Structure formats: C-alpha cells, structure tokens
Amino acid sequence: MLSRALKEHHSKQTELKSRQERRRKEAVAAADAVAKELVDSLNAGVEKAYQNQKRLDAEAKCLQLQASRFVQQTQKWLAMVEGFNQALKELGDVENWARSIEADMQEIASGLEHAYKGNWILVYRQMIDVSQGT
C-alpha cells in the first residue's frame, strides 16, 4: 500500500512536472509572440516615421531650390526695373532739353522776325532778356 501510494505520488509528480513544463513552454512561446508583435508594431511606426522624414527632406530640398530660383528671378526683375527707371529719367532729361531748345528757337525766330520787320528795339530788348536769363 505504501509502495503503491509512493508510485502514485511519483506518477502525479511526473505528470505535474510535465504539465508545468508544457505550460512553461506555452508561456515562453506566447511571450515570444507578444514580443515579436510589439517589435513589429514599433518597427512599422519607426519605418513610417523614417519614410515621412525622407519625404519631408526631399520636399525641403525642393522648396529650398525653388526659393533660390525665386530670389534669382526677383533680383533680375529688380535690375530690369532699375534699368527702366534710369531710362525714364534719361528720357525726362531729354524732354527738358528739347523744351529748352524749343523755347530758345522760338525766341530766336521771334527776334529774326522782328529784325526782318525792322523793329530793332524789340530785337535788342529780347537779346537783353535772353542774356539775363529771363
């Protein structure tokens, strides 16, 4: 009887140990699966962040290039506008010069007309006015 109880005890102990070992293996496998899922989940997030960063870097380079081109184009436009302004100033100077020449020519024509008519006093007064700058 004691021997049989001892055998039963041994067999129960062996069965308990094998169940415990099987459960331990299942727990390790489940923990492995959870760890793998966590790593995969984290890797997916990291990969997405990395792809987004690469795309942002590419877009930033493109934007920087476009900004540089815009600055160059703006500088060209400014130079063209400055040249246009200078041309307008020169045109204004030429216009003033032409008006001055026209006024002088009108005075000369008037003087010649008076001289032709024999009105020397008026011619003399115009010459004095012209020499005085009035």
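Because the structure is predicted, anything quoted here is derived from the model rather than measured. All heavy atoms count here, side chains included; hydrogens, waters and symmetry mates do not.
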Open item on the list: Is there a side chain to side chain contact (heavy atoms under 4.5 Å, CB included) between Gln20 and Leu16? Walk through the geometry before answering.
Closed with: CA-CA 6 Å; Gln20 187 176 11; Leu16 282 174; 6.0 Å; no

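How far NZ of Lys7 is from OG1 of Thr14: 13.0 Å, rounded to the nearest 0.5 Å. Atoms CD and OG, on Glu107 and Ser110 in that order, are 8.0 Å from each other to the nearest 0.5 Å. Rounding to the nearest 0.5 Å places NZ of Lys76 at 6.0 Å from CD of Gln73. Cys62 SG to Gln66 CD: the interatomic distance, rounded to the nearest 0.5 Å, is 4.0 Å. Put simply, NZ on Lys36 and OG on Ser41 are 13.0 Å apart, with the number rounded to the nearest 0.5 Å. In this structure, CG on Asn52 lies 10.5 Å from CD on Glu47, to the nearest 0.5 angstrom.
Legend: residues meeting side chain to side chain contact (heavy atoms under 4.5 Å, CB included) with Asp32, ordered by chain and number and at least two apart, are absent. Partners of Gln75 according to the side chain to side chain donor-acceptor pair (under 3.5 Å) rule, which considers only residues two or more places apart in sequence or in another chain, do not exist here. Take Glu95 and apply the salt bridge (Lys or Arg N to Asp or Glu O under 4.0 Å) test, not counting sequence neighbours, and it matches Arg99.
Residues Trp97 and Met105 fall within the same hydrophobic cluster, defined by Ile, Leu, Val, Met, Phe, Trp and Tyr side chains chained together at heavy-atom separations under 4.5 Å.
Only one option out of Lys17, Arg24, Arg19, Arg23 pairs with Glu21 in a salt bridge (Lys or Arg N to Asp or Glu O under 4.0 Å); it is Arg24. Here the options are Arg55, Gln53, Lys61, the test is side-chain hydrogen bond (donor to acceptor under 3.5 Å, both in side chains), and the partner is Asp57; only Gln53 passes.
No donor-acceptor pair closer than 3.5 Å links the side chain of Ser100 to the backbone N or O of Asn96. Side-chain atoms of Ser68 do not come within 3.5 Å of backbone N or O of Gln64 as any donor-acceptor pair.
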